[in-house]
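Heads up: the structure comes next, in structure tokens.
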Amino acid sequence: LLSALGATSAARPATPKRLISATDVKTFGGSADPQISSDGRTVAFVRVDANENKDDYETSIWIAPADHRSPPRRFTAGPRDEAPRFSPDGTLLAFLRFAEKDGKRQPPQLLLMSMSGGEPKAITDLPRGVSAATFSPDGRTLAFTSTTTDEDLKLAMNHPKDPVRESDVKV
């Protein structure tokens, strides 16, 4: 029996193996954070794609029917959307978006979007951003955490249009 197995495997050509190269990275992608709607009909997930031009990854929210009768479709524009959460009645999707301002990634903010489409509505604007949200059982409240302090809020509200650097000199 051993010689028969040896002969069979020896007859098959070996598949050449190679190391991953830098050009392979652009083909990498995947999905993360799948969430199932309360009625079990829809799945929302984060799709992760490599952006070769920016040497970075981009994320967007996609939705798909749980029964696989139609292919997944892109739900948010991205490029940095994540943490989808369905409202209990399945009519809204809360998610985080990392916006970019002056070429710098901003802290994540919470957005809401109707499952029937349209534009998402930002519901937070906190200097240090927020965590993924959780809907209350009745869907009327969203809970999230943030490390934003009262001082951060005061600075953000009183921030002049033309920022002036505060002196660190002590007298």
Side-chain angles (χ1 to χ4, degrees), residues 20-38 40-66 68 70-136 139-163 165:
I20 295 173
S21 70
T23 57
D24 292 327
V25 174
K26 67 181 176 185
T27 64
F28 292 169
S31 59
D33 200 9
Q35 300 290 315
I36 301 173
S37 63
S38 59
R41 294 181 183 175
T42 308
V43 177
F45 62 94
V46 178
R47 180 170 165 164
V48 182
D49 293 300
N51 181 329
E52 183 181 9
N53 296 331
K54 290 187 176 182
D55 193 26
D56 201 359
Y57 288 95
E58 294 185 347
T59 56
S60 56
I61 310 292
W62 286 59
I63 58 171
H68 305 287
S70 59
R73 67 179 176 87
R74 190 174 189 151
F75 190 67
T76 68
R80 299 209 183 346
D81 296 342
E82 55 188 59
R85 301 294 185 264
F86 284 101
S87 62
D89 65 3
T91 61
L92 296 172
L93 191 73
F95 63 95
L96 295 180
R97 176 168 284 169
F98 293 78
E100 219 172 89
K101 183 177 180 183
D102 301 326
K104 294 181 182 177
R105 191 174 300 174
Q106 300 299 302
Q109 301 300 331
L110 190 58
L111 283 78
L112 275 178
M113 189 167 170
S114 170
M115 287 302 295
S116 59
E119 290 296 315
K121 179 182 178 185
I123 59 171
T124 64
D125 184 18
L126 295 173
R128 294 192 186 190
V130 300
S131 68
T134 301
F135 278 93
S136 64
R140 295 177 56 182
T141 307
L142 278 164
F144 59 87
T145 60
S146 177
T147 59
T148 300
T149 65
D150 288 341
E151 186 65 27
D152 294 328
L153 292 172
K154 286 177 190 172
L155 286 172
M157 289 171 52
N158 296 324
H159 198 293
K161 297 284 182 204
D162 298 319
R165 185 171 182 260

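Keep in mind it's a predicted model, so treat the numbers as computed, not measured.
The main-chain N or O of Pro65 is never found under 3.5 Å from a side-chain atom of Thr42 such that the two would form a donor-acceptor pair. Gln109 contributes a side-chain N or O that, together with a main-chain N or O of Leu126, makes up a donor-acceptor pair within less than 3.5 Å. Formation of a donor-acceptor pair under 3.5 Å by the Thr141 side chain with backbone atoms of Ser136 is not found in this model. Judged purely by atom type and a 3.5 angstrom limit, Ser60 has no side-chain atom pairing as donor or acceptor with the backbone of Gly78. Between the Thr134 side chain and the Ala143 main chain, no donor and acceptor come within less than 3.5 Å of each other.
Rounding to the nearest 0.5 angstrom, the gap separating the OG1 atom in Thr59 from the CZ atom in Phe95 is 10.0 Å. The distance from atom CG of Leu93 to atom OG of Ser87, rounded to the nearest 0.5 Å, is 8.0 Å. In this structure, OG1 on Thr76 lies 11.0 Å from CD on Glu119, to the nearest 0.5 angstrom. A distance of 8.0 Å separates NZ of Lys121 from CG of Leu112, quoted to the nearest 0.5 Å. Once rounded to the nearest 0.5 Å, the distance linking CH2 of Trp62 with CZ of Arg73 reads 10.5 Å.
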* To do: Please report the C-alpha distance between Leu110 and Leu96 in whole Å, then the side-chain angles of each, then the deciding distance to 0.1 Å, and finally whether the side-chain contact (heavy atoms from CB on, under 4.5 Å) criterion is met.
  => CA-CA 5 Å; Leu110 190 58; Leu96 295 180; 4.1 Å; yes
* For Glu100 and Arg80, run side-chain contact (heavy atoms from CB on, under 4.5 Å): C-alpha distance rounded to whole Å, both residues' side-chain angles, the deciding distance at 0.1 Å, then the answer. => CA-CA 9 Å; Glu100 219 172 89; Arg80 299 209 183 346; 4.2 Å; yes
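Summarising the geometry of Pro88 relative to Phe135, their closest heavy-atom pair is CD-CB, 3.7 Å, with the distance given to 0.1 Å. In terms of heavy atoms, Ser114 sits closest to Leu92 at CA-CD2, 3.9 Å. Considering every non-hydrogen atom in both Phe86 and Gln35, the closest pair reads CE1-O, 3.3 Å. Heavy-atom minimum distance, Pro34 versus Val43: CB-CG1, 4.4 Å.
Summarising the local packing, CD1 of Ile36 is surrounded by 12 or fewer heavy atoms from other residues, nucleotides or ligands at distances under 6.0 Å.
For Ser31, the side-chain contact (heavy atoms from CB on, under 4.5 Å) criterion is met by Phe45, not counting sequence neighbours. Remark: Asp33 pairs with Arg85 by the salt bridge (Lys or Arg N to Asp or Glu O under 4.0 Å) rule, at least two apart or across chains. Arg140 is linked by a side-chain contact (heavy atoms from CB on, under 4.5 Å) to Asp138, counting only residues two or more places apart in sequence or in another chain. Residues satisfying the salt bridge (Lys or Arg N to Asp or Glu O under 4.0 Å) criterion with Arg105, sequence neighbours excluded, are Asp56.
Sorted by first and then second residue, the salt bridge (charged side-chain N to carboxylate O under 4.0 Å, His left out) pairs with a member in residues 143-153 read Arg128-Asp152; sequence neighbours excluded. Residue pairs meeting the salt bridge (charged side-chain N to carboxylate O under 4.0 Å, His left out) criterion with at least one partner in residues 88-98, sequence neighbours excluded, are Asp81-Arg97.
Using a 4.5 Å heavy-atom threshold, the side chains of Ile63 and Met115 count as touching. Side-chain contact between Pro127 and Leu153 is present, with heavy atoms from C-beta onward closer than 4.5 Å.
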